[in-house]
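Encoded as structure tokens, the structure appears first; notes follow it.
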Amino acid sequence: MGRMSDQPARWSQASVYPDMWADPDDDPRNSEGDAPEGELATLLDFLSGYRLTLRMKCEGLDPEQLARRSVPPSTMSLLGLIRHLAEVERDWQNWIVDGEPLPSLYGEDDGDFLGAVADQAVVDAAYADLEREQAATDAVLAGHPDLSERLAKDGIAVRELMVHRVEEYARHCGHADLLRECVDGRVGQ
């Protein structure tokens with residue numbers, strides 16, 4: 001596994017605002033029109049934006065760069081974050097659906113990060129896992145539009161789960177900013 005540069009050159013694709021990840025006109029997170037109406041629509045909009053931000057932070061990197069770990073002894077990498085969020089989405093399904101829990105995607109504790117190796121098949125599988133688990137969690141929650149509704153045996157409120165989902169992605173987007181900067185110097189917004 002390659003070593004991260006001690007002092008990467010900072011750069012951005014933005015040309016109008018070079019301190020930004022992308023120029024506002026080119027940023028897919030910027031949308032025209034009115035802001036979302038209501039609490040649920042707002043939560044879903046923020047969740048969508050953070051999901052897209054994570055993907056943007058990983059764009060253009062090869063498997064070795066995606067699997068590169070931050071600072072030893074940390075096991076954190078961009079690929080590990082993708083795998084971790086797939087695992088978290090699956091875990092949220094276990095919080096909200098009665099019945100037998102779905103098994104862990106990556107086995108042992110920290111398997112999401114430990115198994116994030118520089119292999120294209122692992123990268124492809126991680127993205128597929130994330131998309132599948134996001135869609136599955138989204139589908140379950142679409143049947144529960146009342147944010148006050150309490151779900152499953154633990155009685156978690158839909159609102160609490162939605163806020164936690166936004167928080168989880170936001171926190172890991174911050175990690176992704178730092179990881180990406182260590183990989184190639186690219187800084188984000």
Side-chain angles (χ1 to χ4, degrees), residues 1-14 21-22 27-29 46-97 100-141 161 164-189:
M1 189 167 293
R3 197 179 146 193
M4 291 184 191
S5 170
D6 290 333
Q7 291 189 326
R10 294 171 60 94
W11 70 279
S12 172
Q13 286 183 303
W21 185 263
D27 192 333
R29 298 168 296 180
F46 271 85
L47 179 62
S48 174
Y50 283 122
R51 285 175 169 176
L52 181 54
T53 297
L54 179 69
R55 287 190 167 276
M56 289 172 68
K57 302 299 177 180
C58 297
E59 279 180 356
L61 298 177
D62 64 31
E64 185 278 327
Q65 291 170 313
L66 287 168
R68 203 177 288 175
R69 293 186 178 166
S70 58
V71 180
S74 174
T75 59
M76 191 176 291
S77 66
L78 288 165
L79 179 56
L81 287 177
I82 294 166
R83 289 166 51 97
H84 172 71
L85 287 165
E87 191 76 76
V88 168
E89 289 280 358
R90 175 165 280 206
D91 195 40
W92 286 328
Q93 292 168 56
N94 288 332
W95 291 5
I96 56 180
V97 176
E100 286 298 311
L102 297 167
S104 171
L105 289 171
Y106 306 114
E108 77 227 46
D109 285 346
D110 214 21
D112 40 6
F113 289 102
L114 293 173
V117 296
D119 180 293
Q120 189 62 52
V122 173
V123 171
D124 294 343
Y127 278 110
D129 290 345
L130 181 60
E131 288 178 22
R132 181 190 63 246
E133 298 305 323
Q134 286 173 338
T137 306
D138 291 348
V140 171
L141 285 172
L161 181 62
H164 186 53
R165 291 174 85 196
V166 170
E167 176 272 334
E168 184 82 12
Y169 278 91
R171 183 164 44 93
H172 289 312
C173 282
H175 294 135
D177 280 339
L178 297 172
L179 288 163
R180 180 64 187 251
E181 187 173 2
C182 285
V183 169
D184 65 1
R186 189 154 181 211
V187 294
Q189 68 212 47

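- Annotation for A118 and A67: closest pair N-CB, 3.5 Å, computed over non-hydrogen atoms.
- Side-chain atoms of R90 come within 3.5 Å of backbone N or O of P103 as a donor-acceptor pair.
- The aromatic rings of W92 and H164 lie perpendicular to each other, with more than 60° between the two planes, well past the 30° mark.
- Environment of OH in Y127: crowded, with over 12 heavy atoms of neighbouring residues, nucleotides or ligands closer than 6.0 Å.
- Taking all atoms of both residues into account, the shortest heavy-atom contact from A116 to G80 is CB-N, 3.5 Å.
- Partners of S74 under the side chain to side chain donor-acceptor pair (under 3.5 Å) rule, at least two apart in sequence or in another chain, are S70.
- Shown here for I96 and V140, the closest heavy-atom pair between the two residues is CD1-CG1, 3.4 Å.
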*asked:* Please evaluate residues F113 and L81 with respect to the criterion side-chain contact (heavy atoms from CB on, under 4.5 Å), reporting the C-alpha separation (whole Å), side-chain torsions for both, the decisive distance (0.1 Å), and the verdict.
replied: CA-CA 7 Å; F113 289 102; L81 287 177; 4.0 Å; yes

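- A salt bridge does not link R68 with D62: every distance from a Lys NZ or Arg NE/NH1/NH2 to an Asp or Glu carboxylate oxygen is 4.0 Å or more.
- With rounding to the nearest 0.5 Å, the separation of CZ in R51 from SG in C173 is 11.0 Å.
- Looking at every heavy atom in both residues, Q65 comes nearest to G60 through OE1-O, 4.2 Å.
- Side chains of P63 and D119 form no contact here, defined as non-hydrogen atoms less than 4.5 Å apart.
- Within the model, atoms CG of L78 and SG of C182 stand 9.5 Å from one another, a figure rounded to the nearest 0.5 Å.
- In terms of heavy-atom proximity, D129 sits nearest to Y106 at OD2-OH, 2.7 Å.
- A donor and an acceptor atom, one from each side chain of H172 and E167, are nowhere located under 3.5 Å apart.
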*asked:* Please evaluate residues R165 and E89 with respect to the criterion salt bridge (Lys or Arg N to Asp or Glu O under 4.0 Å), reporting the C-alpha separation (whole Å), side-chain torsions for both, the decisive distance (0.1 Å), and the verdict.
replied: CA-CA 8 Å; R165 291 174 85 196; E89 289 280 358; 3.1 Å; yes

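- Counting heavy atoms from C-beta outward, R69 and M76 have side chains that stay 4.5 Å or more apart.
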*Run the salt bridge (Lys or Arg N to Asp or Glu O under 4.0 Å) check on E131 and R55 step by step: do they pass?*
CA-CA 11 Å; E131 288 178 22; R55 287 190 167 276; 3.0 Å; yes

*Checking salt bridge (Lys or Arg N to Asp or Glu O under 4.0 Å) for the pair R83/E87: CA distance, chi angles, key distance, verdict?*
CA-CA 6 Å; R83 289 166 51 97; E87 191 76 76; over 6 Å; no

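- Put simply, CG on L130 and CG on L54 are 7.0 Å apart, with the number rounded to the nearest 0.5 Å.
- When all heavy atoms of A126 and I82 are compared, the pair lying nearest together is O-CG2, 3.7 Å.
- Side chains of R132 and L105 form a contact here, defined as non-hydrogen atoms less than 4.5 Å apart.
- Between atom CD of residue Q93 and atom CG of residue D138 there is a gap of 9.5 Å, rounded to the nearest 0.5 Å.
- A 4.5 Å side-chain heavy-atom check between L61 and R180 finds at least one atom pair inside the cut-off.
- In this structure, CG in L47 is found 9.5 Å from OG1 in T137, a value given to the nearest 0.5 Å.
- Remark: side-chain polar atoms of N94 are paired, donor with acceptor, to backbone N or O of L102 under 3.5 angstrom.
- Atom-to-atom distance recorded for Y50:OH and L85:CG is 13.5 Å, nearest 0.5 angstrom.
- Side-chain contact between K57 and H175 is absent, with no heavy atoms from C-beta onward closer than 4.5 Å.
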*Assess whether side-chain contact (heavy atoms from CB on, under 4.5 Å) is satisfied between L66 and C58, documenting all intermediate values.*
CA-CA 7 Å; L66 287 168; C58 297; 3.7 Å; yes

*Chi angles and distances behind the side-chain hydrogen bond (donor to acceptor under 3.5 Å, both in side chains) call for D124, Q120*: CA-CA 6 Å; D124 294 343; Q120 189 62 52; 2.8 Å; yes

